[in-house]
Amino acid sequence: MSTPIIAPSILAADFANIQKEVEMLNDSAADWIHIDIMDGVFVPNISFGLPVMEAINRHAKKPLDVHLMIEKPENYVEAFKNAGAETITVHYEACPHLHRNIQQIKNLGCKAGVAINPHTNIALLEDTIMDIDLVCLMSVNPGFGGQKFIENTYDKVIALKDMIEEAEADTLIEIDGGVNESNAAELIEAGADVLVAGSFVFKSSNPKDTISNLKNV
Ligand code: DX5
Ligand code: ZN
């Protein structure tokens with residue numbers, strides 16, 4: 001079984017101590033820092049925006065993996081790149097011109113990710129998979145941390161892995177939502193490359209140990 005990339009989601013961190021939380025991640029086995037941006041329109045919740053992302057970037061020593069749960073992401077991707085994003089992920093459901101959105105992100109020098117909601121069939125990515133650096137499979141409905149993992153995700157990982165191999169693409173598969181120590185191994189086994197974990201990491205008594213445990217499941 002391959003070693004996963006672990007991307008703790010800062011959404012579950014203590015925002016009153018954001019510098020301390022980012023420094024904890026710098027000192028941990030985390031590979032990336034996952035940044036959830038919610039606009040209150042595409043998803044029924046508002047998280048935080050560019051000034052907070054810039055503050056995180058001032059302290060972060062790990063790549064920032066930005067998940068845009070927003071409408072019209074094309075209006076903001078450049079600002080997020082300037083705020084320190086290494087990967088920028090947009091939602092399939094928010095992008096009628098997905099191919100153009102992917103090219104825009106790549107032309108900025110970032111890795112391009114596409115997230116799909118639990119109800120979205122992976123077959124819809126068949127015509128763009130060659131261009132996508134990362135597919136983020138939502139294993140909860142986006143908008144909130146701390147939700148229950150949707151079991152159907154395992155089958156989606158397996159099918160997506162097949163599609164990627166068939167296309168000879170090098171797209172990474174990221175799982176986002178409800179990831180914990182009891183589903184991590186099965187997700188990696190199924191073909192997941194990146195595990196996002198918010199509540200499971202930050203609400204644990206020892207977040208650094210929790211990150212290492214996820215990395216070594
Ligand atoms: C949900 C976000 C997730 C969230 C994951 O809309 O995209 O990244 O922070 O949090 P947990 O791990 O608590 O489900
Ligand atoms: Zn996310």
Side-chain angles (χ1 to χ4, degrees), residues 4-15 18 21-22 25 28 30-49 52-53 56 60 62-71 73 76-77 80 85-95 105 110-120 132-154 156-157 172-184 186-188 192-205 207 210-211 213-215 217:
I5 291 169
I6 304 296
S9 166
I10 205 84
L11 187 66
D14 175 4
F15 288 150
I18 203 76
E21 298 281 53
V22 172
L25 294 177
S28 77
D31 299 281
W32 300 351
I33 301 176
H34 186 81
I35 314 270
D36 286 308
I37 306 292
M38 305 178 182
D39 66 353
V41 180
F42 178 67
V43 286
N45 194 13
I46 297 174
S47 54
F48 54 83
V52 175
M53 161 97 185
I56 294 167
K62 311 229 164 161
L64 302 184
D65 173 38
V66 178
H67 178 193
L68 295 181
M69 285 162 274
I70 66 174
E71 291 199 352
Y76 303 97
V77 289
F80 280 101
E86 180 176 286
T87 302
I88 300 180
T89 295
V90 295
H91 263 265
Y92 175 87
E93 301 83 3
C95 294
I105 294 168
C110 292
K111 283 193 257 167
V114 176
I116 62 171
N117 282 340
H119 75 276
T120 301
I132 302 174
D133 295 309
L134 173 147
V135 172
C136 175
L137 285 184
M138 292 308 303
S139 38
V140 298
N141 285 293
F144 303 92
Q147 301 181 79
K148 191 174 175 297
F149 179 83
I150 297 172
E151 298 285 322
N152 171 47
T153 308
Y154 300 117
K156 290 179 87 164
V157 180
L172 296 175
I173 301 177
E174 177 176 71
I175 312 299
D176 188 6
V179 171
N180 57 42
E181 243 171 75
S182 36
N183 52 30
E186 195 170 342
L187 287 167
I188 299 158
D193 304 291
V194 186
L195 301 179
V196 174
S199 319
F200 187 67
V201 167
F202 285 96
K203 310 295 180 215
S204 69
S205 55
T210 305
I211 293 167
N213 293 343
L214 274 178
K215 188 134 184 105
V217 282

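Order of listing sets the numbers, starting from 1, for every ligand and every atom in it. Computed from a predicted model, the values in this text were never measured in an experiment.
When all heavy atoms of G143 and M69 are compared, the closest pair comes out as N-SD, 4.1 Å. Scanning all heavy atoms of the two residues, the minimum distance from D36 to S9 falls at OD2-OG, 2.7 Å. The shortest non-hydrogen separation linking D31 to P63 is O-CD, 3.3 Å. The minimum heavy-atom distance linking D14 with E21 is given by the pair N-OE2, 2.7 Å. When all heavy atoms of I132 and V114 are compared, the closest pair comes out as CD1-CG2, 3.7 Å. Between V43 and M38, the shortest heavy-atom distance links the atoms CG2-CB, 3.6 Å.
Looking only at protein heavy atoms, the nearest one to atom 4 (C) of ligand 1 is D36 OD2, 3.6 Å. Protein heavy atom closest to atom 10 (O) of ligand 1, with residue, atom name and distance, is G145 CA, 3.7 Å. The nearest heavy-atom contact from the protein to atom 1 (C) of ligand 1 is F144 O, 3.5 Å. Given atom 13 (O) of ligand 1, the protein heavy atom at minimum distance is S199 OG, 2.4 Å. With respect to atom 12 (O) of ligand 1, the closest heavy atom belonging to the protein is G198 N, 2.7 Å. At the top of the distance list for atom 5 (C) of ligand 1, counting protein heavy atoms only, stands D176 OD1, 3.6 Å.
Ligand 1 has a nitrogen or oxygen under 3.5 angstrom from a nitrogen or oxygen of G178. Between S9 and ligand 1, at least one pair of N/O atoms sits closer than 3.5 Å. Residue V140 has no N or O atom closer than 3.5 Å to an N or O atom of ligand 1. Some N or O of G143 is nearer than 3.5 Å to an N or O of ligand 1, by distance alone. Distances between N or O atoms of G146 and those of ligand 1 include at least one value under 3.5 Å.
Near M138, meaning under 4.0 Å from any of its heavy atoms, are these atoms of ligand 1: 7 (O). Shown in contact with L11 at under 4.0 Å from a heavy atom are these atoms of ligand 1, numbered in order with element: 9 (O). Atoms of ligand 1 found under 4.0 Å from any heavy atom of P142, numbered from 1 in the order shown, are 6 (O). The distance from ligand 1 to the heavy atoms of M38 drops below 4.0 Å at these ligand atoms: 6 (O). Within ligand 1, the atoms closer than 4.0 Å to a non-hydrogen atom of H67 are 7 (O), numbered from 1 in the order shown. Applying the 4.0 Å criterion to heavy atoms of H34 picks out, from ligand 1, the atoms 8 (O). Listed by number with element, the atoms of ligand 1 under 4.0 Å from a non-hydrogen atom of G177 are 14 (O). Close approach of ligand 1 to A197 (heavy-atom distance below 4.0 Å) involves ligand atoms 12 (O).
In Y76, the OH atom is not crowded: 12 or fewer heavy atoms of neighbouring residues, nucleotides or ligands sit closer than 6.0 Å.
T153 and S139 share no donor-acceptor pair across their side chains, judged by distance under 3.5 Å alone.
Ring geometry for H67 versus H91: interplanar angle under 30°, hence parallel rather than tilted (30 to 60°).
Under the 4.0 Å criterion applied to side-chain N and carboxylate O atoms, D65 and K111 are not assigned as salt-bridge partners.
Less than 2.8 Å away from the Zn ion (ligand 2), the protein contributes these N/O/S atoms: H34 NE2, D36 OD1, H67 ND1, D176 OD2.
In this structure, K62 and L25 have side chains that are not in contact, with every pair of non-hydrogen atoms separated by 4.5 Å or more.
Distance check, rounded to the nearest 0.5 Å: CG of L172 to SG of C136 gives 11.5 Å. In this structure, the separation between CD on E186 and CD on E151 is 7.5 Å, given to the nearest 0.5 Å. Atom-to-atom distance recorded for F202:CZ and L11:CG is 9.5 Å, nearest 0.5 angstrom.
Aromatic rings of Y154 and F149 (six-membered ring for Trp) have centroids within the 6.0 Å cut-off, being under it.
Residue-level proximity to ligand 1 for F200 is absent, since no heavy atom of it falls below 4.0 angstrom.
Among T89, D193, I88, the one residue that satisfies the side-chain contact (heavy atoms from CB on, under 4.5 Å) test with L134 is T89.
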